[in-house]
Amino acid sequence: MSSPILRLAYLAKRAKQTNMKIATWNVNSVKARLPTVLEVLKAIDCDVICLQEIKCETDAFPYMEIEELGYNVEAHGQKSYNGVALLSRFPVEDVVRGLPGNEDDEQARYIEALILSDNPVRVGGLYLPNGNPAPGPKYDYKLDWMRHLKTHAENLMQAEEPIVLCGDYNIIPRAEDCWDETVWSDDALALPQSRAAFRRLKNLGLTEAFEAADNRGHEYTFWDYQGGAWQKDHGIRIDHHLLSPQAADRLESVEIYRKARGLEKPSDHVPVVMTLAD
């Protein structure tokens, strides 16, 4: 649990607020980049944060350092690869590790919990498979994972409650969500089948938060480490929040925190911060 002093200070701050900030961020190894991670978490100052690619086993997650920032921490990790975590300044319950209905999956790619704020929100944090090279077994795994996610989302939505499914979807939704469509046209992130699977998710009644709140083209969340991609702004937008109607009704804004990519030892992704009316 977080420090009682920090918790009391946060509650005093919350008493003056009327919104809730939820971020998603692929950190590309939480332990290797811990100083940068802590700096960014302080800067974005969110109520709930879903992390992806923590790249450590559950017990090896740096709980103490992050709990000192006032967060309750739930993690679902594996050695060296993948891994997800959920940080919340509110109590959490009903924690789920692993994508329901996909219990045979050995990769740590999904975590979910009910966030017990004044107006509770169910938040699922996901790290969707990359899928390259495509076609091939890795692409089949990606599409199969998306089918399981769609089924789980359908089941969640039957409760008619505020739901946020956020994370690194490894999907470039539109041509204008990458710096050059011709470069990405044969990539698993932009193939027609991938985009169609993402649309099927949205067609359940889920709202893509950036699309609803901003929708400008060429606003990116990922820049490769190679080829000077950051310096040239050769990026792609692959980190998303999908909202149930009850959450979408509360959507106020979405911000891509680009500053994180220019820090020392950065992740190749940056946080996407969404604000909901409380």
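Keep in mind it's a predicted model, so treat the numbers as computed, not measured.
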Do Pro100 and Asn155 have side-chain heavy atoms sitting under 4.5 Å apart? no

Heavy atoms, side chains only, cut-off 4.5 Å: are Pro129 and Met146 in contact? no

Taking salt bridge (charged side-chain N to carboxylate O under 4.0 Å, His left out) as the definition, give me every residue that meets it alongside Arg200, ordered by chain and number, with sequence neighbours left out. none

Rounded at 0.5 Å granularity, tell me how far CG in Leu87 sits from SG in Cys46. 10.0 Å

Donor + acceptor pair across side chains of Gln107, Asn82 (<3.5 Å): yes

Backbone N or O of Ala75 within a donor-acceptor pair of the Arg97 side chain at under 3.5 Å? yes

How long is the span from the SG atom in Cys178 to the CD1 atom in Ile238, to the nearest 0.5 Å? 11.0 Å

When you measure from the side chain of His234 to the backbone of Trp179, do you find a donor-acceptor pair of N or O atoms at a distance under 3.5 Å? no

Could you name each residue pair satisfying salt bridge (charged side-chain N to carboxylate O under 4.0 Å, His left out) that touches residues 215-234, not counting sequence neighbours? Asp214-Arg216, Arg216-Glu219, Asp233-Arg258

Show the nearest heavy-atom pair for residues Ala85 and Ile111, with the distance to one decimal. C-CG2, 4.1 Å

Quick note, side chain to side chain donor-acceptor pair (under 3.5 Å) partners involving residues 31-44, not counting sequence neighbours, are Arg33-Tyr225

Gly77 backbone acceptor or donor facing Thr58 side chain under 3.5 Å: yes

What are the two closest heavy atoms between Ser88 and Pro91, and how far apart are they? OG-O, 4.5 Å

Any side-chain to backbone donor/acceptor pair from Arg261 onto Trp230? Under 3.5 Å, distance only. no

Side-chain heavy-atom pair Glu112, Leu126 within 4.5 angstrom cut-off: no

What's the separation between atom CG in Leu51 and atom CG in Asp168, rounded to the nearest 0.5 Å? 12.0 Å

Does a sphere of radius 6.0 Å around CG in Asn215 hold more than 12 heavy atoms from other residues, nucleotides or ligands, not counting ones at 6.0 Å or beyond? yes

May I have the step-by-step check of side-chain contact (heavy atoms from CB on, under 4.5 Å) for Val254 and Val272, ending in yes or no? CA-CA 7 Å; Val254 176; Val272 183; 3.6 Å; yes

Check this for me, if you would: do Lys202 and Glu211 make a salt bridge, where the nitrogen-to-carboxylate-oxygen distance has to be below 4.0 angstrom? yes

Cluster overlap Tyr139 with Tyr81, hydrophobic side-chain contacts below 4.5 Å: no

Can you confirm whether the side chains of Thr182 and Asp180 place a donor and an acceptor under 3.5 Å from each other? yes

Side chains of Ile172 and Arg195, heavy atoms from C-beta outward: is any pair under 4.5 Å? yes

I'd like to know if Arg89 pairs up with Asp45 as an ion pair, taking the criterion as any Lys NZ or Arg NE/NH1/NH2 lying under 4.0 Å from an Asp or Glu carboxylate oxygen. yes

Could you tell me whether a side-chain N or O of Lys150 sits under 3.5 Å from a main-chain N or O of Leu204, the two making a donor and an acceptor? no

Any idea which heavy atoms bring Trp25 and Val270 closest together, and the distance? CD1-C, 3.5 Å

Return the orientation label for the His240 and Tyr169 ring planes: parallel under 30°, perpendicular over 60°, tilted otherwise. tilted

Over all atoms of both residues, closest heavy-atom pair of Val30 and Val27: N-CG2, 3.8 Å

Working to the nearest 0.5 Å, report the span between CG of Leu34 and CG of Leu41. 9.0 Å

Run the numbers on Leu156 and Ser244 for side-chain contact (heavy atoms from CB on, under 4.5 Å), then give the verdict. CA-CA 9 Å; Leu156 286 179; Ser244 70; over 6 Å; no

Are the side chains of Pro162 and Asn119 in touch, meaning some heavy atoms are under 4.5 Å apart? no

Is the backbone of Pro35 close enough, under 3.5 Å, to the side chain of Lys265 for a donor and an acceptor to pair up by distance? no

Point-to-point distance, once rounded to the nearest 0.5 Å, from CG of Asn132 to CG of Leu191: 7.5 Å

Where do Leu128 and Asn170 come nearest, in terms of heavy atoms and distance? O-ND2, 2.8 Å

Under the 3.5 angstrom rule, does the side chain of His269 hit a backbone N or O of Gln52 as a donor-acceptor pair? no

Honestly curious: do Ile115 and Ile22 fall in one hydrophobic cluster under the side-chain, below-4.5 Å linking rule? yes

For the hydrophobic clusters of this structure (ILVMFWY residues joined by side-chain heavy atoms under 4.5 Å, transitively), does one cluster hold both Met274 and Phe222? yes

Should side-chain heavy atoms under 4.5 Å link Ile, Leu, Val, Met, Phe, Trp and Tyr, which residues sit in the same cluster as Val96? none

Any donor-acceptor N/O pair, Glu68 side chain to Ile66 backbone, under 3.5 Å: no

Only counting residues at least two apart or in another chain, list the ones meeting salt bridge (charged side-chain N to carboxylate O under 4.0 Å, His left out) with Asp144. Arg147

Contact check, side chains of Asp239 and Phe210, non-hydrogen atoms, under 4.5 Å: no

I'd like to know if Met20 and Leu243 are part of one continuous hydrophobic network [Ile/Leu/Val/Met/Phe/Trp/Tyr, side-chain heavy atoms within less than 4.5 Å]. yes

Here the pair of heavy atoms bringing Pro173 nearest to Phe198 is CG-CE2, 3.9 Å

Listed partners of Glu57 passing salt bridge (charged side-chain N to carboxylate O under 4.0 Å, His left out), at least two apart: none

Going through the distances and angles, do Arg109 and Asn102 end up as a side-chain contact (heavy atoms from CB on, under 4.5 Å)? CA-CA 11 Å; Arg109 293 184 174 274; Asn102 197 21; over 6 Å; no

Ser194 side-chain N/O to Ala188 backbone N/O, donor-acceptor pair under 3.5 Å: yes

Hey, could you give me the CG/CG distance between Asp104 and Leu99, rounded to the nearest 0.5 Å? 12.0 Å

Please determine, by modelled atom types, if Asn28 and Lys55 share a side-chain donor-acceptor pair under 3.5 angstrom. yes

Heavy-atom count check: over 12 atoms from other residues, nucleotides or ligands less than 6.0 Å from Glu264 CD? no

In the structure I gave you, are the side-chain heavy atoms of Asp105 and Tyr110 within less than 4.5 Å of one another anywhere? no

Do the side chain of Glu255 and the main chain of Tyr257 share a donor and acceptor less than 3.5 angstrom apart? no

Flag this pair as yes if the NZ/CZ of Arg237 is under 6.0 angstrom from the six-membered ring centre of Tyr220 and inside a 45 degree cone about the axis; otherwise no. no

Please check if Leu206 and Ile171 belong to a single hydrophobic cluster, counting links between Ile, Leu, Val, Met, Phe, Trp and Tyr side chain heavy atoms closer than 4.5 Å. yes

Is the number of heavy atoms from other residues, nucleotides or ligands within 6.0 Å of CD (Gln226) greater than 12? no

Can you check side-chain contact (heavy atoms from CB on, under 4.5 Å) on Thr207 and His241, steps first, answer last? CA-CA 8 Å; Thr207 296; His241 298 78; over 6 Å; no

